Amino acid sequence: MNDAEFARLSTAAEHCRMSNAAFLAYAVDKAARDLTRTAAEIATEREVLDEIFAARRHLGRIHGLFNQVAKALNSGADTPHLDATAQAVHGAARRMEDAADALLAHRDGGAPK
């Protein structure tokens with residue numbers, strides 16, 4: 001544990017009015033009771049980056065599909081759900097950007113900008 005991590009631990013324990021040891025014991029017990037959530041919360045930065053890159057690949061495929069939609073529109077096809085689909089994709093891209101920003105802020109020890 002580095003100095004910054006120890007400081008966060010001490011601050012959290014103090015906030016909960018617990019000793020560092022009691023806080024750690026409580027946190028470990030809580031984490032052990034819900035392993036699915038715990039695994040997600042302590043995923044390594046590499047795993048998170050892998051997921052962001054996977055999402056990026058999916059967005060690239062979606063880009064290709066939108067090119068096909070544009071071609072169909074130019075040929076006179078009807079696309080009744082295009083606006084809703086474009087909004088959903090835009091929202092997904094925005095969430096991906098937010099996740100990348102949060103990851104970078106976490107890595108740099110600060111809050112997202």
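Numbers here are sequence positions counted from 1. Heavy-atom basis, side chains included; hydrogens, waters and symmetry copies ignored. These figures come from a predicted structure and were not determined experimentally.
Here CZ of Arg57 is found 13.0 Å from CD1 of Ile62. Values are rounded to the nearest 0.5 Å. Distance check: His15 NE2 to Arg8 CZ gives 16.0 Å after rounding to the nearest 0.5 Å. Annotation: the span from His58 atom NE2 to Phe53 atom CZ amounts to 14.0 Å, rounded to 0.5 Å.
Between Asn20 and Ser10, the closest heavy-atom pair is ND2-OG, 3.2 Å. Closest heavy-atom contact between Ser19 and Ala13: O-CB, 3.8 Å. Summarising the geometry of Phe23 relative to Cys16, their closest heavy-atom pair is CE1-SG, 3.9 Å, with the distance given to 0.1 Å.
If you chain together hydrophobic residues whose side chains sit under 4.5 Å apart, Leu59 and Leu65 never meet in one group. Hydrophobic clustering of Ile, Leu, Val, Met, Phe, Trp and Tyr side chains at less than 4.5 Å, counting indirect connections, unites Met18 with Leu24.
In the displayed structure, Phe66 atom CZ is contacted under 6.0 Å by more than 12 heavy atoms of other residues, nucleotides or ligands.
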Using atom types as modelled, flag every donor-acceptor pair under 3.5 Å from a side chain in residues 67-82 to any protein atom, sequence neighbours excluded.
{"unit_1": "Asn74", "atom_1": "ND2", "unit_2": "Ala70", "atom_2": "O", "d": "3.3"}
{"unit_1": "Ser75", "atom_1": "OG", "unit_2": "Lys71", "atom_2": "O", "d": "3.1"}

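Every salt bridge (Lys or Arg N to Asp or Glu O under 4.0 Å) that Arg33 has, sequence neighbours left out, goes to Asp29.
In terms of modelled atom types and a separation under 3.5 Å, the side chain of Glu5 and the main chain of Asn2 share a donor-acceptor contact.
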